[in-house]
Structure formats: structure tokens, C-alpha cells
2 protein chains.
Amino acid sequence: MTTISAEPRVCSVARTLEIVGEKWALLAVREVFLGNRRFDEMVRKTGAPRDTMTARLKTLVAAGVLERRPVSEHPPRFEYRLTSAGLDLYPVIVSLMQWGDRYLAKGDAPPMVLTHHCGHPLGAVTSCASCGEPIVARDVRPTPRLEHTRDS
Amino acid sequence: MTTISAEPRVCSVARTLEIVGEKWALLAVREVFLGNRRFDEMVRKTGAPRDTMTARLKTLVAAGVLERRPVSEHPPRFEYRLTSAGLDLYPVIVSLMQWGDRYLAKGDAPPMVLTHHCGHPLGAVTSCASCGEPIVARDVRPTPRLEHTRDS
DNA sequence: CCGGTACGTCCAGTATTCGGACTTACTGGT
DNA sequence: ACCAGTAAGTCCGAATACTGGACGTACCGG
């Protein structure tokens with residue numbers, strides 16, 4: 001019996017990116033977080049081609065990140081709302097934004113500030129749920145599971 | 001004088017995705033976090049086409065996320081290391097992984113467990129730097145800045 | 001009836017990605 | 001000397017994805 005490690009690595013990062021890693025997907029999600037739930041609004045605010053936005057929304061709905069619901073029958077109008085899975089993508093959006101604020105601010109201040117209900121501008125810290133310490137890459141060790149076993 | 005809001009929204013999320021949002025980019029970064037700094041290793045472990053990996057590494061180096069450094073002159077060999085900007089992408093990777101573990105685990109346990117130096121498996125919490133509370137989307141309000149002003 | 005809005009679809013052109021073969025430069029074994 | 005193997009890419013043609021713009025349909029308000 002031989003233990004082999006799957007060669008394109010089996011990994012939750014990869015699986016997640018299959019859904020939200022396509023172009024415009026996370027920007028669509030960002031817009032919904034900002035309260036813009038309508039197709040045209042997302043197209044305008046993201047700059048995505050209408051075609052591509054259609055495709056992205058479809059996969060996001062299929063993946064259970066967004067829900068497409070009618071808001072009016074008679075002019076047929078829809079809105080896209082975050083499911084609970086979608087809401088849980090917030091840390092992803094926030095950490096991308098944080099990184100951009102830090103490293104991509106072109107001289108000036110960040111283009112958008114989020115205000116937390118505590119009254120302060122939002123600064124996000126990612127920390128360990130067990131010990132509460134902020135997470136730093138060097139404090140973490142991967143423990144891959146044995147993906148497959150095979151008789152030889 | 002009229003205040004206009006930039007139509008494709010100016011946003012750090014968008015800017016960050018321009019760098020790390022292309023296919024395979026974050027998986028390359030993931031590999032480096034896991035300690036695989038060499039080209040062939042990244043190709044194998046991610047499953048990316050060699051061609052694409054070459055292109056990605058080039059943009060990541062150009063963006064200051066990775067640094068390409070020779071490790072041997074005489075068989076010419078290189079490795080890619082995270083810069084400090086690159087290291088700060090860890091929260092992005094971790095939050096993507098966390099989401100995948102939660103919503104994409106196909107019946108079984110997550111394919112890889114990270115162990116924090118406190119001894120526990122890593123569970124990441126994203127919280128507000130000011131008040132320490134875990135961040136929930138509904139507790140945050142966007143305060144867009146006025147991007148441009150224009151005379152009329 | 002006319003203009004405008006919302007939510008798409010359709011199309012043709014361009015850009016990216018894909019997988020596989022190939023190149024260059026070594027090392028190590030026999 | 002010869003052969004196999006590894007590392008880091010490059011090159012190619014085929015497949016796929018993205019792009020911008022025009023178009024369609026359904027409705028509303030004046």
C-alpha cells in the first residue's frame with residue numbers, strides 16, 4: 001500500500017477560487033455588500049461587460065453565494081441578495097481591500113472607507129480563533145491529510 | 001461645481017484583484033506560503049500550465065508580491081520568495097480557505113489543516129482593529145470619498 | 001406616442017488559457 | 001562517453017473566455 005499525494009493539490013483555496021476566482025465575480029459580490037443588488041447597477045459600478053456579468057451572476061447563484069429574487073412582477077425586476085454563504089465571504093472582500101489600501105494606494109488615501117458600528121474606520125485583523133493572536137504566516141504549519149491510499 | 005462618482009468604482013478590492021485575481025495567481029502564492037518556492041513545484045502542485053505560471057510569476061514579481069532570486073548559478077536555478085507585501089496576503093489566502101472548508105467540503109473533512117503555533121488547528125476570525133469585535137457585514141457602513149470634483 | 005429604464009441576449013473580434021512538445025543547461029550513474 | 005533525469009522555461013496551435021456594442025422586450029410616465 002502506497003500513500004500518494006494528489007498532484008494538483010486538493011485544497012479549499014482552489015475550490016473556492018473556482019467559484020469566486022473568475023474575473024468580475026468578487027466585484028459583483030462587493031457591489032451586493034455595498035447594497036447594489038440590481039443587474040444594471042452592478043454593471044455600471046464594476047465596469048464589467050453585461051455579458052460577463054450575466055455569466056458570473058449565474059455561477060454565483062448556482063454556487064449558493066447569491067440568490068436571485070423577483071422584486072416586481074410587472075415590470076419584471078430582480079435583485080441579487082447574499083445568502084448566508086455569501087455573507088461569509090465578507091472576510092475575503094475585506095482582506096483584499098485592506099491589502100489594496102496598504103500597497104496600492106497611489107499616493108493618496110484609500111478610495112473608500114468602511115466605518116464599523118463601533119464608530120471607527122474599519123481596520124481588519126485576522127486572528128486565531130483558539131488563542132486570539134493575530135495570524136502570521138510563519139506561526140502556521142500545514143498538516144496535509146493523506147488524500148488517497150492505493151494498493152500496490 | 002459638481003461632484004461625480006467615478007463610474008467603474010475606484011476601489012482597493014478591484015485594484016488588488018488586478019494583481020492577484022488572475023487565474024492561478026493566488027494558487028502560486030499559496031504554494032509559496034506552503035514552502036514550495038520553485039517553478040516546477042508550483043506547476044505540479046497547482047496544475048497550472050507552465051506557460052501561464054510563467055506569466056503569473058512575472059506579474060507577481062512586477063507587483064512586488066514575490067521576489068525571484070537565484071539559488072544556484074551553475075545549474076541556473078531560482079526560487080520565488082514572498083516579499084513583506086506578499087506575506088500580508090496571508091489573510092486573503094486564509095479567508096478563502098476557511099470559506100472553502102465551510103461550504104465546499106464535499107462531505108468529508110477539509111483536505112488540509114493548518115496548525116497554529118498555539119497548538120490548535122487554525123480557525124481564522126476577522127475582527128475590527130479598534131473594538132476587537134468580529135466583523136459582520138451589517139455592522140459596517142461604506143463612506144465613499146468624493147473621487148473627483150469638476151467645474152460646470 | 002415618445003423617451004427612458006431595467007435586464008438581458010447576440011454577435012464578432014480579441015485576448016487568455018490549455019496541453020504538449022521542445023530547448024538549454026546541468027548532475028549523477030555506469 | 002553515454003544515457004537518464006531534473007529544473008526552468010519557451011513555443012505552438014486549438015479551445016475557451018472576455019470584450020464592447022448593438023439589439024430585444026417589457027414596462028412606466030408625460
Side-chain angles (χ1 to χ4, degrees), chain A residues 5-9 13-15 17-32 34-63 66-81, chain B residues 5-9 13-15 17-32 34-63 66-81:
Chain A
S5 51
E7 227 17 6
R9 195 194 286 285
V13 178
R15 298 212 271 233
L17 287 173
E18 242 152 76
I19 294 166
V20 299
E22 287 169 303
K23 206 163 180 184
W24 305 111
L26 280 173
L27 293 185
V29 173
R30 172 200 72 185
E31 281 313 309
V32 184
L34 293 174
N36 298 314
R37 315 188 170 89
R38 308 287 290 276
F39 183 85
D40 264 30
E41 202 105 26
M42 296 188 212
V43 167
R44 263 200 308 283
K45 295 280 177 39
T46 60
R50 315 175 66 75
D51 235 13
T52 308
M53 184 56 76
T54 304
R56 275 323 148 264
L57 291 173
K58 212 162 282 180
T59 68
L60 289 170
V61 168
L66 298 178
E67 187 195 354
R68 180 179 185 263
R69 64 159 72 153
V71 287
S72 125
E73 289 277 316
H74 239 11
R77 290 296 120 89
F78 305 90
E79 64 179 23
Y80 294 86
R81 315 203 105 227
Chain B
S5 49
E7 225 20 3
R9 195 193 287 285
V13 178
R15 297 211 272 233
L17 288 173
E18 242 151 77
I19 295 165
V20 299
E22 285 170 302
K23 205 165 182 183
W24 306 112
L26 280 173
L27 293 185
V29 172
R30 172 201 71 185
E31 281 314 308
V32 184
L34 293 175
N36 299 314
R37 316 182 227 278
R38 308 287 290 275
F39 183 84
D40 265 30
E41 200 104 26
M42 296 189 213
V43 166
R44 262 201 308 284
K45 295 278 177 43
T46 61
R50 314 174 67 74
D51 235 13
T52 307
M53 184 57 77
T54 304
R56 275 323 148 262
L57 290 173
K58 211 162 282 180
T59 69
L60 289 170
V61 168
L66 298 178
E67 188 194 355
R68 180 178 185 265
R69 64 161 72 155
V71 287
S72 126
E73 289 277 317
H74 239 8
R77 289 296 119 92
F78 303 91
E79 65 178 24
Y80 293 87
R81 316 204 102 226

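Convention: sequence-line order gives letters A, B, ...; per-chain numbering from 1.
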(request) Go through the structure and list residues passing side chain to side chain contact (heavy atoms under 4.5 Å, CB included) with B/Val32, not counting sequence neighbours. (result) B/Met42, B/Leu66, B/Leu82
(request) Mind checking salt bridge (Lys or Arg N to Asp or Glu O under 4.0 Å) for B/Arg81 and listing every partner two or more places apart, or none if nothing turns up? (result) B/Glu79
(message) With a 4.0 Å cut-off on N to O distance, would you call B/Glu31 and B/Arg37 a salt bridge?
(response) no
(request) State which residues pass side chain to side chain contact (heavy atoms under 4.5 Å, CB included) with B/Glu22; sequence neighbours excluded, sorted by chain then number. (result) B/Arg56, B/Thr59
(message) Distance check needed: C/dC26 C1' versus B/Asp40 CG, whole Å only.
(response) 14 Å
(request) Note the angle between the end axes of the helix from C/dC1-D/dG30 to C/dT30-D/dA1, five pairs defining each, rounded to 10 degrees. (result) 10°
(request) Could you list the residues that satisfy side chain to side chain contact (heavy atoms under 4.5 Å, CB included) with B/Pro8, not counting sequence neighbours? (result) none
(request) May I have the distance from B/Leu27 (atom CG) to C/dC18 (atom P), rounded to whole angstrom? (result) 11 Å
(request) Just jot down the salt bridge (Lys or Arg N to Asp or Glu O under 4.0 Å) partners of B/Glu18, sequence neighbours excluded, or say none. (result) none
Atom pairs and distances, side-chain donor-acceptor, residues 48-55 of chain B, under 3.5 Å, sequence neighbours left out:
from	atom 1	to	atom 2	distance (Å)
B/Arg50	NH2	B/Asp40	OD1	2.9
B/Thr54	OG1	B/Arg50	O	2.9

(request) Indicate yes or no: at least one non-hydrogen side-chain atom of B/Thr46 is less than 4.5 angstrom from one of B/Trp24. (result) yes
(request) Return the value, rounded to whole Å, for the distance between atom CD of A/Glu79 and atom P of C/dG8. (result) 12 Å
(message) D/dG9, OP1 or OP2 - any side-chain N/O from B/Tyr80 closer than 4.0 Å?
(response) yes
(request) Could you encode protein contacts along nucleotides 11-25 of chain D as a string, one character per nucleotide from 5' to 3', using B for base contact, S for sugar-phosphate-only contact and - for no contact, with a heavy-atom cut-off of under 4.0 Å? (result) BB-----SBB-----
(request) With sequence neighbours excluded, tell me which residues meet salt bridge (Lys or Arg N to Asp or Glu O under 4.0 Å) with A/Arg44. (result) B/Glu7
(request) Would you kindly give the CD-to-P distance between A/Glu41 and C/dC7, to the nearest whole Å? (result) 9 Å
(request) Within residues 67-77 of chain B, find the residues that approach DNA chain D with a heavy atom at under 4.0 Å, and present them sorted by residue number. (result) B/Arg68, B/Arg77
(request) Could you tell me the separation between the CZ atom of A/Arg77 and the CZ atom of A/Phe39, rounded to the nearest 0.5 Å? (result) 12.0 Å
(message) Distance check needed: C/dG20 P versus B/Arg44 CZ, whole Å only.
(response) 16 Å
(request) Let me know the distance between CZ of B/Phe39 and P of D/dA8, rounded to the nearest Å. (result) 8 Å
(request) Using atom CZ of A/Arg38 as one end and atom C1' of D/dA26 as the other, report the distance to the nearest whole Å. (result) 14 Å
